Number of protein chains: 2
Amino acid sequence: MGITKSQIFTKNQNELAQVFKVLGHPARVAILQYISNQNACICNDLVEETGLAQATVSQHLKELKSIGLLKGEIEGKRMCYCLDVDRWDAIQNQLNHFFNTTKANCC
Amino acid sequence: MGITKSQIFTKNQNELAQVFKVLGHPARVAILQYISNQNACICNDLVEETGLAQATVSQHLKELKSIGLLKGEIEGKRMCYCLDVDRWDAIQNQLNHFFNTTKANCC
DNA sequence: TTTTATTATCGTAATATTGCAATATTAAAA
DNA sequence: TTTTAATATTGCAATATTACGATAATAAAA
């Protein structure tokens with residue numbers, strides 16, 4: 001096979017896993033950290049910063065957008081990507097809820 | 001290509017991404033939640049619980065072990081897998097540190 | 001309008017992941 | 001010792017991801 005059997009898991013489990021998955025690439029971690037050190041960012045900065053090709057960076061940005069972590073505004077012929085802070089906080093809360101509720105007494 | 005260029009990122013970024021990646025599958029989220037509802041667990045329970053084949057479950061458990069989240073004790077001819085609570089807390093702290101430090105003023 | 005700069009998308013190659021059947025391993029039970 | 005039960009490993013097919021060159025799209029600048 002090779003296809004994740006998402007239909008056998010709950011909506012919550014799939015959503016949680018999707019968030020983790022998007023964050024599960026060092027380039028995307030690096031992109032988020034870089035944006036946090038600026039007040040904003042543009043894609044071409046990230047090409048220099050990450051050492052990845054422009055097409056690759058654009059693709060990673062798309063994935064971060066797909067879970068709502070980034071929002072982009074058009075600024076002339078540039079894109080200004082920045083964190084969606086509300087979504088950022090919501091995701092942090094969601095992950096903490098997972099960690100707090102999934103804590104077992106060990107055998 | 002298709003290979004993640006981990007050498008161009010920091011050790012911290014790679015480690016963080018690796019943790020997110022392991023958690024980024026609904027079966028592994030479900031396994032952790034199931035273990036938390038028991039006091040322990042055995043692999044065969046998980047086969048029924050998840051609807052995945054025994055080999056598949058075993059593989060997911062191996063990945064969770066790879067980041068230290070689970071520890072397994074041999075109990076006769078069974079394995080007793082349980083959360084490593086110290087590691088669990090450490091990872092939660094690591095992720096919170098990432099979320100707290102990577103928080104930008106939006107543009 | 002033409003050029004230039006910036007970002008997105010498409011197509012494709014390389015690699016990774018998922019899932020499972022078959023088989024191996026291990027230890028208790030018979 | 002042989003059988004049985006539980007888990008791990010191997011090998012493989014299907015699908016997903018990563019990366020990038022080429023190209024398209026868009027908007028400011030010349």
Side-chain angles (χ1 to χ4, degrees), chain A residues 1-9 13-14 17-31 34-35 40-67 70-82 107, chain B residues 1-9 13-14 17-18 20-31 34-35 38 40-67 70-82 107:
Chain A
M1 315 288 141
I3 184 169
T4 296
K5 291 183 145 188
S6 41
Q7 74 280 3
I8 65 179
F9 303 107
Q13 288 165 341
N14 281 304
Q18 181 60 27
V19 168
F20 279 128
K21 192 175 180 181
V22 168
L23 294 172
H25 191 289
R28 294 194 284 271
V29 169
I31 285 171
Y34 180 73
I35 293 182
C41 103
I42 55 173
C43 185
N44 258 12
D45 284 357
L46 289 170
V47 172
E48 287 181 36
E49 181 66 17
T50 62
L52 294 170
Q54 182 267 324
T56 307
V57 170
S58 191
Q59 203 172 250
H60 283 306
L61 289 168
K62 193 178 175 183
E63 292 187 66
L64 289 167
K65 263 189 292 182
S66 78
I67 57 165
L70 293 184
K71 48 185 181 185
E73 280 175 40
I74 299 169
E75 231 184 35
K77 59 185 165 191
R78 292 186 173 180
M79 282 297 296
C80 169
Y81 278 113
C82 41
C107 56
Chain B
M1 317 283 142
I3 184 168
T4 295
K5 292 182 142 187
S6 42
Q7 74 281 1
I8 65 180
F9 303 106
Q13 288 165 341
N14 281 304
Q18 181 60 27
F20 279 128
K21 191 175 181 182
V22 168
L23 294 172
H25 192 290
R28 294 193 283 270
V29 169
I31 285 170
Y34 180 73
I35 292 181
Q38 321 297 318
C41 101
I42 54 172
C43 184
N44 258 13
D45 284 357
L46 289 169
V47 172
E48 287 180 36
E49 181 66 17
T50 62
L52 294 170
Q54 183 267 325
T56 307
V57 170
S58 191
Q59 203 172 250
H60 283 306
L61 289 169
K62 192 178 176 183
E63 292 188 67
L64 289 167
K65 263 189 292 182
S66 78
I67 58 166
L70 292 185
K71 49 185 179 184
E73 280 176 40
I74 300 168
E75 232 184 34
K77 59 186 164 188
R78 293 186 172 180
M79 282 295 296
C80 169
Y81 277 113
C82 41
C107 57

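Because only heavy atoms are used, hydrogens play no part in the values below, and waters and symmetry mates are left out as well, while side chains stay in. Protein chains get the first letters and strands the later ones, always in sequence-line order, with residue 1 at the start of each. No experiment lies behind these values; they were computed from the predicted model shown.
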Sugar-phosphate, base or nothing in reach of B:Ala55, heavy atoms under 4.0 Å: base
d(CD1, B:Ile31; C1', D:dT7) in whole Å: 13 Å
Steps toward side-chain contact (heavy atoms from CB on, under 4.5 Å) verdict (A:Ile42, A:Met79): CA-CA 6 Å; A:Ile42 55 173; A:Met79 282 297 296; 6.0 Å; no
All side chain to side chain donor-acceptor pair (under 3.5 Å) counterparts of A:Glu63, not counting sequence neighbours: A:Arg28
Rounded distance in Å - NZ (A:Lys77) to P (D:dA30): 8 Å
Closest to the B:Cys43 side chain, choosing from C:dG19, D:dA8, C:dT6: D:dA8
Minimal non-hydrogen separation, A:His25 against B:Ala17, with atom names: C-CB, 3.5 Å
Strand-adjacent residues in residues 20-29 of chain B, judged by heavy atoms under 4.0 Å from DNA chain D: none
Nearest heavy atoms of A:Leu61 and A:Ile31, plus distance in Å: CD2-CG2, 3.9 Å
Positive for side-chain hydrogen bond (donor to acceptor under 3.5 Å, both in side chains) with B:Tyr81, one of B:Lys65, B:Lys71, B:Glu73: B:Lys65
Exceeds 12 heavy-atom contacts within 6.0 angstrom, atom CD of B:Gln7: yes
Validation row: B:His60, B:Leu46 side chains within 4.5 angstrom (heavy atoms): no
Any A:Asn44 side-chain N or O less than 4.0 Å from OP1/OP2 of C:dT7: yes
Euclidean distance, atom CD of residue B:Glu75 to atom C1' of C:dA27 [Å, nearest integer]: 13 Å
B:Lys21 side, atom NZ; B:Asn14 side, atom CG - distance, nearest 0.5 Å: 10.0 Å
Short side-chain N/O contact from B:Ser58 to OP1 or OP2 of D:dA8, under 4.0 Å: yes
Value in whole Å for how far the P atom of D:dA27 lies from CE of A:Met79: 11 Å
Spacing of A:Phe9 atom CZ relative to C:dG19 atom P, expressed in whole Å: 7 Å
Where A:Val57 and A:Cys43 come nearest, the two heavy atoms and their spacing: CG1-SG, 3.7 Å
Touch class at under 4.0 angstrom, heavy-atom based, for B:Ile74 against every strand present: nothing
Donor-acceptor pair present, B:Gln54 side chain and D:dA6 base, under 3.5 Å: no
Rounded distance in Å - CG (B:Asp45) to P (D:dA6): 10 Å
Non-hydrogen side-chain atoms of A:Thr56 and A:Thr50 separated by less than 4.5 Å: no
N or O in side chain of B:Thr56 less than 4.0 angstrom from C:dT18 OP1/OP2: no
Length of the CD-P vector between B:Glu48 and D:dA6, whole Å: 10 Å
Any A:Tyr81 side-chain N or O less than 4.0 Å from OP1/OP2 of C:dA8: yes
Near-strand residues of residues 59-67 of chain A, defined as heavy-atom separation under 4.0 angstrom from DNA chain D: A:Gln59, A:His60, A:Glu63
Protein-nucleotide distance (A:Arg78, atom CZ; D:dA29, atom C1'), rounded to Å: 14 Å
